[in-house]
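Data first, discussion second: the structure below is written as structure tokens.
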Amino acid sequence: MNSIVVFCGSSEGSDAKVLSEAQLLGQTLAASNITLVYGAARIGVMGQVAQGCLKAQGKVIGVIPDFLMLREVYHPNLSELIVTENMHERKLRMHELSDGIIMLPGGYGTLEEFFEMLTWAQLGLHAKPIGILNTNGFYDELMLMLKKMVMQGFLKPENYDMVLVDDTVDGLLAKMKSYVPIPIPKWLKKRQV
Ligand code: AMP
């Protein structure tokens, strides 16, 4: 993996471990020569990942729509800042720039971005590893909900298995590096997002 897009909260939340793990993820990406792609904010969990990566001399690409630059307090010292016209273009650019996806704790925006990438994978539109850093079990209930979807026949077990979960940065990256995607159906091979 050369680059990973990280989706996470624009708020800091209430668990200090979430912020230290976000920093650690940024640092680890830098040390592994993996470019961090993220939403360009200086605030929240987002700001911590970027900070961790920049402090360790990593490459950070921020992608933000112009109307959010002030509200989400864009980070002024990124390796590259890409300003998009809207949210859709933002997500598409993040997708084009990354070959792996990680979600950290966050709110609606985080879930929305993560699930869009996940549904694109489910449709066979990409085969990137998709991970959740489950710090202090933040996403335990979400995983239970996904299991319920499998049990009630709304989600295929192989699509449930696409989501890689770990509570440590190193453990998650190791799972992502060894991820073997489910084969893309023939009829979809020429499609793109
Ligand atoms: P949140 O998890 O709500 O703090 O949001 C985290 C990030 O998701 C922020 O950068 C938001 O701008 C972004 N976001 C919020 N809503 C959406 C959406 N509908 N599509 C894409 N990104 C979004």
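Values below: all heavy atoms of this structure, side chains included; hydrogens, waters and symmetry mates excluded. Order of listing sets the numbers, starting from 1, for every ligand and every atom in it.
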- Once you round to the nearest 0.5 Å, how far does CD1 of Ile82 lie from CD of Glu96?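 Rounded to the nearest 0.5 Å, the CD1-CD separation comes to 9.0 Å.
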- Task: Mind checking the CE-CG spacing from Met149 to Leu144? Nearest 0.5 Å is all I need.
- Result: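 That separation rounds to 11.5 Å.
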Protein heavy atom at shortest distance from [atom]:
atom: atom 2 (O) of ligand 1; result: Thr110 OG1, 2.6 Å
atom: atom 17 (C) of ligand 1; result: Met87 CE, 3.4 Å
atom: atom 21 (C) of ligand 1; result: Glu112 OE1, 3.3 Å
atom: atom 15 (C) of ligand 1; result: Gly109 CA, 3.2 Å
atom: atom 12 (O) of ligand 1; result: Glu72 OE2, 2.6 Å
atom: atom 8 (O) of ligand 1; result: Glu113 OE1, 3.1 Å
atom: atom 4 (O) of ligand 1; result: Ser10 OG, 2.6 Å

- Task: Taking only Lys NZ, Arg NE, NH1 and NH2, and the carboxylate oxygens of Asp or Glu, determine whether Lys175 and Asp166 approach each other closer than 4.0 Å.
- Result: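 So Lys175 pairs with Asp166 through a salt bridge.
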- Task: Please examine the side chains of Ile61 and Leu36, heavy atoms only from C-beta on, and report whether any two atoms are closer than 4.5 Å.
- Result: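 Leu36 does not reach Ile61 side chain to side chain.
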- Heavy-atom check, side chain of Val45 versus side chain of Val18, under 4.5 Å: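 When only atoms from C-beta onward are counted, Val18 and Val45 do touch, with a gap below 4.5 Å.
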- Check for a donor-acceptor pair, side chain of Ser32 on one end and backbone N or O of Ile34 on the other, with a separation under 3.5 Å.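 Checked: no pair found.
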Which atoms of ligand 1 have any heavy atom of [X] under 4.0 Å away?
X: Met46; answer: 10 (O)
X: Gly107; answer: 1 (P), 2 (O), 3 (O)
X: Gly9; answer: 2 (O), 4 (O)

- Determine the sole option in His95, His88, Lys91 for which the side-chain hydrogen bond (donor to acceptor under 3.5 Å, both in side chains) test with Glu116 is passed.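 Running side-chain hydrogen bond (donor to acceptor under 3.5 Å, both in side chains) over His95, His88, Lys91 with Glu116 returns exactly one hit, Lys91.
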- Task: Give the intermediate values and the outcome of salt bridge (charged side-chain N to carboxylate O under 4.0 Å, His left out) for residues Glu72 and Arg90.
- Result: CA-CA 14 Å; Glu72 292 197 344; Arg90 179 198 219 183; 3.4 Å; yes
- Hey, is Cys8 touching ligand 1 through its side chain, its backbone, both or neither, going by heavy atoms under 4.0 Å?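 It is the backbone that touches ligand 1; the side chain stays farther off.
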- Hey, is Leu68 touching ligand 1 through its side chain, its backbone, both or neither, going by heavy atoms under 4.0 Å?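 Side chain only.
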- Message: Does the residue Glu116 have a heavy-atom contact with ligand 1, meaning some pair of atoms that are separated by less than 4.0 Å?
- Response: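 The answer is no, since Glu116 has no heavy atom less than 4.0 Å from ligand 1.
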- Query: Heavy-atom contact under 4.0 Å between Arg90 and ligand 1?
  - Reply: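 Checking ligand 1 against Arg90, which is what was asked, there is a heavy-atom contact under 4.0 Å.
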- Message: Taking atom CD as the centre, does Glu85 end up with more than 12 heavy-atom neighbours from other residues, nucleotides or ligands that are less than 6.0 angstrom away?
- Response: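 No, because the 6.0 Å sphere around CD of Glu85 holds 12 heavy atoms or fewer from other groups.
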